[in-house]
Amino acid sequence: MADKFDVIVIGAGPGGYVAAIRAAQLGLKTACVEKWVGKEGNVVHGGTCLNVGCIPSKALLEASHKFVEAKHDFDELGIQAPDVSMDVTKMMSHKDKIVKNLTGGISGLFKANGVTSIEGAGKVASGKQVEVTGHDGKTTMYDADNIIIAAGSVPIEIPPTPLVEGMVVDSTGALEFQETPKRLGVIGAGIIGLELGSVWNRLGSEVTMLEAMDDFLPMVDASIAKETQKILKKQGLDIKLNARVTSSEVKGDEVVVKYTDANGEQETTFDKLIVCVGRRPYTKGVIADGVSIELDERGFIFVDDQCRTNLPGVYAVGDCVRGPMLAHKASEEGIMVADIIAGHKAEMNYDTIPNVVYTFPEVAWVGITEQEAKAKGIDVKVGAFPFAASGRAMANNATEGTAKVIADAETDRILGMHIVGQHAGEMIAQGVIAMEFGSSAEDLALTCYAHPTMSEAVHEAALAVDGHAIHMANRKKRK
Ligand code: FAD
Ligand code: NAD
């Protein structure tokens with residue numbers, strides 16, 4: 001008879017491993033089941049985020065950004081570096097080393113916190129049982145008072161662009177190119193497309209992005225999205241909106257792509273093609289036949305606000321449930337569920353989840369856009385401050401971008417913050433904390449910011465909400 005646990009978590013991505021650690025910290029006997037086999041043939045923890053997502057993509061973004069700076073921007077600062085070149089193989093080894101360290105670190109954290117690690121594919125066999133199939137095919141049944149499904153997501157594949165190893169790839173393949181493709185096609189100008197398109201554009205690829213929608217980054221405030229599009233275009237990303245791919249075909253060492261746009265049918269040829277048109281929940285094999293855990297119409301596991309499924313004692317968190325597919329959202333849900341199982345009161349504020357696109361400059365936002373406010377009939381006032389007027393941005397040689405604060409016209413409560421600029425991903429935490437504490441724009445305006453910092457742009461944007469910005473001419477009259 002296998003062990004009985006208070007909690008069994010299926011999946012050790014940021015949703016699952018965080019839930020398991022929290023549950024163990026709260027005194028619950030906890031196990032976490034993971035099946036992901038890493039490059040070295042052993043089971044690895046960390047899920048999409050650590051293995052093929054957030055972390056490896058940021059390693060490549062940072063390396064490629066430093067390369068561009070050294071090649072094109074250092075000269076202006078007086079630094080002579082005439083022979084800068086990129087060794088792609090070394091960049092990839094650096095990325096792989098980080099992934100190995102971090103995934104290994106999770107195993108260490110499991111040991112330190114007393115989480116039992118179970119290797120194999122977990123399946124909810126009943127409301128209180130998980131069946132695990134090991135890589136040797138052997139199955140073991142475990143009993144659990146509570147089960148947390150954190151099975152994550154996988155890339156969406158579309159019929160016109162079937163994957164062809166090394167040539168037509170998803171985001172995972174795009175993290176493994178061993179040399180810079182001369183002509184790179186990217187299907188989908190969403191977050192992955194912009195991040196991975198940027199990596200290879202910086203290293204010298206001619207990047208063409210084919211995006212089906214008319215709008216660029218529709219979830220970002222329109223003025224910030226427009227500015228971002230302009231900046232990225234200047235960097236060389238050829239973003240074609242309203243472009244619908246109809247087919248792709250590998251011919252020798254080229255990929256021929258057909259698409260339609262406002263001018264009719266088009267054809268173009270690339271050396272590599274990345275398909276990044278979204279991700280779908282991964283629930284294959286996670287729920288045994290006859291176990292009635294409801295899925296929603298898009299295939300996500302159906303949960304309430306506190307991540308309970310319809311089956312008592314069974315919870316689901318992260319990418320396999322509704323809401324944004326973000327590592328920090330998955331982790332916060334994992335913590336909430338562990339707290340609930342341990343008998344604590346816990347809830348999550350889905351209105352204050354930050355988003356960051358790690359292009360250069362970064363794009364970051366939290367809360368609503370001006371357009372959403374209008375659509376919802378909320379009267380808002382807005383303050384914006386350009387980094388071009390920031391002393392620190394000038395010193396950093398990073399003056400592109402704007403910080404924007406959106407506040408309720410009547411109560412002054414901050415409803416949204418949208419930033420495009422260097423370190424926007426760090427700065428957005430101010431908006432998250434302000435909104436979490438129900439702050440007004442005046443609260444931020446009355447706060448003392450360190451000088452010189454990029455964050456002063458947020459301060460000035462908050463001041464500008466009521467026409468009080470100091471370091472630019474105010475458009476609106478002071479009250
Ligand atoms: P996952 O990380 O997908 O983990 C699920 C785990 O469950 C996997 O390890 C899987 O093997 C395991 N599993 C599934 N089924 C079973 C089973 N039956 N038995 C045992 N184990 C199972 N998000 C951000 O917030 N910031 C970023 O910068 C960012 N960058 C990204 C870049 C890329 C290229 C990609 C692809 C994604 C990125 N994301 C980013 C999204 C982020 O990776 C996901 O939102 C996050 O990993 C979701 O966590 P999760 O725990 O729900 O699922
Ligand atoms: P996405 O939803 O961000 O973007 C997909 C894009 O593809 C959309 O703009 C969509 O209109 C377009 N598209 C869809 N079908 C198309 C078609 N047939 N032809 C052309 N364009 C098409 O999805 P993604 O970029 O694949 O990322 C997946 C998820 O991973 C996202 O939800 C995101 O939250 C997460 N992620 C987050 C980060 C981050 O936080 N920095 C980074 C990478 C990924």
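For reference, positions follow the sequence shown, starting with 1. Computation of the quantities below employed the complete heavy-atom set of this structure, encompassing side-chain atoms and omitting hydrogens, waters and symmetry-equivalent molecules. Read the numbers this way: they start at 1 and go in the same order the structure lists the ligands and their atoms.
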Quiz item: What atoms of ligand 2 come within less than 4.0 Å of a heavy atom belonging to Arg279?
Solution: 28 (C), 29 (C), 30 (O)
Self-check item: Region of Ser171 engaging ligand 1 - heavy atom pairs below 4.0 Å
Solution: side chain
Output side-chain donor-acceptor pairs under 3.5 Å for residues 149-166, partner residues at least two apart or in another chain, one line each.
{"from": "Ser153", "atom 1": "OG", "to": "Arg279", "atom 2": "NE", "distance (Å)": "2.8"}
{"from": "Ser153", "atom 1": "OG", "to": "Arg279", "atom 2": "NH2", "distance (Å)": "3.2"}
{"from": "Ser153", "atom 1": "OG", "to": "Asp319", "atom 2": "OD2", "distance (Å)": "2.7"}

Exercise. With heavy atoms under 4.0 Å as the rule, classify the contact between Ile192 and ligand 1 as side chain, backbone, both or neither.
Key: side chain
Quiz prompt | Residue part near ligand 1, for Ala327, under 4.0 Å between non-hydrogen atoms | solution = both
Quiz item: Against heavy atoms of Ile191, which atoms of ligand 2 measure under 4.0 Å?
Solution: 3 (O), 25 (O), 37 (C), 38 (C), 39 (C), 41 (N), 42 (C), 43 (C)
Quiz item: Would Pro324 count as a contact of ligand 1 if the rule is a heavy atom under 4.0 Å away?
Solution: no
Practice problem: Please could you name the atoms of ligand 2 that Met325 approaches to less than 4.0 Å, counting only its heavy atoms? | Solution: 32 (O), 33 (C), 34 (O), 35 (C)
Quiz item: What part of Lys58, side chain, backbone, both or neither, has a heavy atom within less than 4.0 angstrom of ligand 1?
Solution: side chain
Practice problem: Please indicate whether Arg322 has more than 12 foreign heavy atoms, meaning atoms of other residues, nucleotides or ligands, lying under 6.0 Å from its CZ. | Solution: yes
Side-chain polar contacts of residues 109-122 - donor-acceptor pairs under 3.5 angstrom, sequence neighbours left out - could you list them?
{"from": "Asn113", "atom 1": "OD1", "to": "Gln25", "atom 2": "NE2", "distance (Å)": "3.4"}
{"from": "Asn113", "atom 1": "ND2", "to": "Leu109", "atom 2": "O", "distance (Å)": "2.9"}
{"from": "Ser117", "atom 1": "OG", "to": "His45", "atom 2": "NE2", "distance (Å)": "3.3"}

Quiz item: Taking only heavy atoms of Leu210, which atoms of ligand 2 are found under 4.0 Å from at least one of them?
Solution: 20 (C), 21 (N)
Quiz item: For ligand 1, is Val132 a contact, meaning one of its heavy atoms is under 4.0 Å away?
Solution: no
Quiz item: At a non-hydrogen distance cut-off of under 4.0 Å, which region of Ser153 contacts ligand 1 (side chain, backbone, both, or neither)?
Solution: backbone
Exercise. Please say whether more than 12 non-hydrogen atoms of neighbouring residues, nucleotides or ligands are located less than 6.0 Å from NZ in Lys128.
Key: yes
Quiz item: Numbering the atoms of ligand 2 from 1, which are under 4.0 Å from a heavy atom of Met213?
Solution: 11 (O)
Quiz item: Which atoms of ligand 2 have any heavy atom of Val356 under 4.0 Å away?
Solution: 39 (C), 40 (O), 41 (N)
Quiz prompt | Contact with ligand 2 for Arg244, non-hydrogen, under 4.0 angstrom | solution = no
Self-check item: Closest candidate by heavy atom, reference atom 44 (C) of ligand 2, pool Val277, Asp215, Ile192
Solution: Ile192
Quiz item: Given Pro159, Gly190, Gly323, Gly278, which one has a non-hydrogen atom that is nearest to atom 23 (O) of ligand 2?
Solution: Gly278
Quiz item: At the 4.0 Å heavy-atom cut-off, does Pro324 count as touching ligand 2?
Solution: no
Self-check item: Arg279 and ligand 1 - part of the residue with a heavy-atom distance under 4.0 Å
Solution: side chain
Exercise. Could you tell me if any non-hydrogen atom of Lys123 lies under 4.0 Å from any atom of ligand 1?
Key: no
Quiz prompt | Part of Ala330 within contact of ligand 1 (heavy atoms, under 4.0 Å) | solution = side chain
Quiz item: If you count the atoms of ligand 2 from 1 in the order shown, which ones are under 4.0 Å from a heavy atom of Tyr358?
Solution: 41 (N)
Quiz item: Hey, does the side chain of Lys404 reach the backbone of Ile224 with a donor-acceptor pair shorter than 3.5 angstrom?
Solution: no
Practice problem: Give the residue, atom name and distance (to 0.1 Å) of the protein heavy atom nearest atom 5 (C) of ligand 1. | Solution: Ala150 O, 3.3 Å
Quiz item: Considering only the protein, which heavy-atom contact is closest to atom 10 (C) of ligand 1, and what is its distance?
Solution: Glu34 OE2, 3.4 Å
Exercise. Mind checking whether Leu326 contacts ligand 2 via backbone (N, CA, C, O), side chain (CB onward), both or neither, at a 4.0 Å heavy-atom cut-off?
Key: side chain
Exercise. Taking Asp221 for its side chain and Glu370 for its backbone only, find out whether a donor-acceptor pair lies under 3.5 Å.
Key: yes
Practice problem: Examine the proximity of ligand 2 to Ile158 and report which part, side chain or backbone, both or neither, has a heavy atom under 4.0 Å away. | Solution: side chain
Practice problem: Using the ring of Phe177 (Phe, Tyr or Trp, six-membered ring only), decide whether Lys272 places NZ or CZ under 6.0 Å from its centre and within 45 degrees of its axis. | Solution: yes
Practice problem: Just jot down the ligand 2 atoms closer than 4.0 angstrom to any heavy atom of Ile187, in number order. | Solution: 19 (N), 20 (C)
Quiz item: What do we get for Ile10 next to ligand 1 when only non-hydrogen atoms under 4.0 Å count, side chain, backbone, both or neither?
Solution: side chain
